[in-house]
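Worksheet: one structure, shown below.
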Amino acid sequence: MAGGFGRPVPPPETGWERLRDLWRRGDQQQYPEEAVNIIKSAFTGGLVGWAYGGVPAFQQARRAFIERSQGELFQNRADAVQSAHRAGLRSFIRYGWRWSWRVAAFVALFNSVSASLSAYRNKTTISNYATAGGFTGALFRMHLGLQGLASGFIFGTAFGIPAGGLIIFIQNLAGETLQEKRNRERREQYEQKLAEWQSRLSVTEVLGQMESNTLEGPQMEIAKESRSY
């Protein structure tokens with residue numbers, strides 16, 4: 001039972017329970033750290049993708065505009081510079097957005113699959129990231145047919161292995177992986193709730209005993225008086 005005097009629910013033991021718990025809010029109505037990190041990494045990936053696609057497009061469009069407009073007349077130099085910048089900005093937004101949502105989706109899906117595998121298997125390994133990379137790469141290239149599916153799987157796996165190794169290395173610098181940290185926090189929270197429940201239970205038993213003794217006193221007096229008559 002979640003509240004009252006019910007015994008606290010122990011930490012999830014099966015893979016499906018841990019997987020369900022990964023996407024569920026905790027007692028303080030907050031999502032797990034893994035889920036929050038997926039959102040943060042997707043946002044960061046979107047910004048990186050926008051810069052990767054937008055900045056070269058901006059420069060190329062600006063140069064192309066200048067080359068095309070050599071024979072055109074402008075009111076002044078500032079007008080020509082502003083026109084070139086507007087042309088570059090349009091390309092920056094157009095091509096930046098194309099790369100942004102693709103990179104953000106790839107990062108979000110990659111981290112979601114790897115986090116789900118780590119939760120289900122209850123351990124963090126490079127194979128989780130390799131599988132996540134292969135699945136994500138194949139999904140992004142499946143519209144190109146069987147050959148695209150295979151090439152996407154190979155590319156994704158090749159990306160997932162070093163990326164997973166780097167992530168695990170960074171997590172180990174803190175002394176434990178996210179999965180190990182989550183298991184520790186679950187165990188500590190359960191032990192704390194269990195201790196509080198046992199404390200409340202003992203207090204309830206003491207109060208019950210006191211109430212019983214209080215009721216037994218008048219009953220004994222009444223019994224004595226009835227025997228005296």
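Please read all numbers here as calculations on a predicted model, not as lab measurements. Heads up: numbering here begins at 1 and tracks the sequence.
- Counting only heavy atoms from C-beta outward, the side chains of L178 and N37 approach each other to under 4.5 Å.
- Tested against F159, the residues F106, F135, F153, F140 include a single ring-ring contact (aromatic ring centres under 6.0 Å, His included) partner, F106.
- With hydrogens and angles disregarded, a donor-acceptor distance shorter than 3.5 Å links the side chain of S151 to the backbone of G148.
- Cluster membership check: L109 does not share its hydrophobic cluster with W101, using side-chain heavy-atom separations under 4.5 Å among Ile, Leu, Val, Met, Phe, Trp and Tyr.
- In plain terms, the two heavy atoms of W99 and G53 that are nearest each other are CD1-CA, 3.4 Å.
- Looking at N111, its side chain never comes within 3.5 Å of a backbone N or O of I39 through a donor-acceptor pair.
- The line from CD of Q179 to OH of Y120 is 13.5 Å long, rounded to the nearest 0.5 Å.
- Shown here for S91 and A61, the closest heavy-atom pair between the two residues is OG-CB, 3.1 Å.
- Linking Ile, Leu, Val, Met, Phe, Trp and Tyr whenever their side-chain heavy atoms come within less than 4.5 Å puts V55 and W50 in one cluster.
- Ion pairing between a basic and an acidic side chain is recognised when a charged N comes within 4.0 Å of a carboxylate O; R18 and D21 show no such pairing.
- In terms of hydrophobic clustering, with Ile, Leu, Val, Met, Phe, Trp and Tyr side chains grouped at heavy-atom distances under 4.5 Å, L173 and I167 are assigned to different clusters.
- The minimum heavy-atom distance linking I38 with A108 is given by the pair CG2-O, 3.9 Å.
- Between F92 and F58, the two ring planes are perpendicular [angle over 60°; tilted spans 30° to 60°].
- Checked by atom type and distance alone, the side chain of S199 never pairs as donor or acceptor with a backbone atom of A195 at under 3.5 Å.
- Between S118 and N128 the shortest heavy-atom distance is OG-ND2, 3.2 Å.
- Y129 and F110 have tilted rings, their planes meeting at an angle from 30° to 60° on a 0 to 90° scale.
- Here OG1 of T131 is found 9.5 Å from CD1 of I161. Values are rounded to the nearest 0.5 Å.
- Around atom CZ of F43, no more than 12 heavy atoms belonging to other residues, nucleotides or ligands sit under 6.0 Å away.
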